Each structure stands twice: as C-alpha cells, then as structure tokens.
Amino acid sequence: MSAKDAKYGFGRLIDLARSEPVVVEKHGRPVVVVLAVEEYERLRGVAMAAVGEGPAKPGKAKQS
C-alpha cells in the first residue's frame with residue numbers, strides 16, 4: 001500500500017492490518033509494516049524468548 005493510500009484510507013489500513021501485516025511504501029520503497037497488536041505481541045514474545053528474557057509482558061508500543 002502506498003503511503004498516500006494509507007494516509008487517505010487509514011480505516012482501510014487498520015482493517016487490512018488486523019488480518020495480515022501491511023507493508024506501506026513511500027516512493028515505491030517499503031518503509032513500515034503495520035500489523036495487528038496481537039501479532040506484534042506474539043513477535044515481541046518470540047524475540048524476548050530468543051534473547052533469554054522470557055516472554056515479553058504486554059505493553060504499549062512507542063507512539064510519536
């Protein structure tokens with residue numbers, strides 16, 4: 001999805017990201033991936049376990 005489409009169709013982006021990760025591109029290059037919070041937390045737990053810190057505690061992602 002282009003950044004322009006994501007900007008003007010934010011609701012659609014959210015709906016799509018709830019079912020699968022969405023790559024957002026700017027000038028034809030991928031810049032971010034939007035994914036459901038459940039998938040983010042799952043991946044975070046996997047990453048934390050991989051470095052020996054045990055499962056990650058649920059938390060909020062950094063917002064700007």
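Note that the coordinates shown come from a computational prediction; the quantities given were computed from them, not determined experimentally.
Hydrophobic clustering, with ILVMFWY side chains joined whenever heavy atoms are under 4.5 angstrom apart, keeps Leu35 apart from Val22. Follow the hydrophobic side-chain contacts under 4.5 Å out from Leu16 and you reach Val31 in the same cluster. Criterion: ILVMFWY side-chain heavy atoms under 4.5 Å apart, direct or through other members. Under it, Val23 and Leu43 are part of a common hydrophobic cluster.
Annotation for Val24 and Ala3: closest pair CG1-CA, 3.6 Å, computed over non-hydrogen atoms.
Shown here are the side-chain contact (heavy atoms from CB on, under 4.5 Å) partners of Phe10, two or more places apart in sequence or in another chain: Leu13, Ile14.
Considering CD of Glu20 and CD of Glu39, their distance stands at 11.0 Å, rounded to 0.5 Å. In this structure, the separation between CZ on Arg44 and CZ on Arg42 is 14.5 Å, given to the nearest 0.5 Å.
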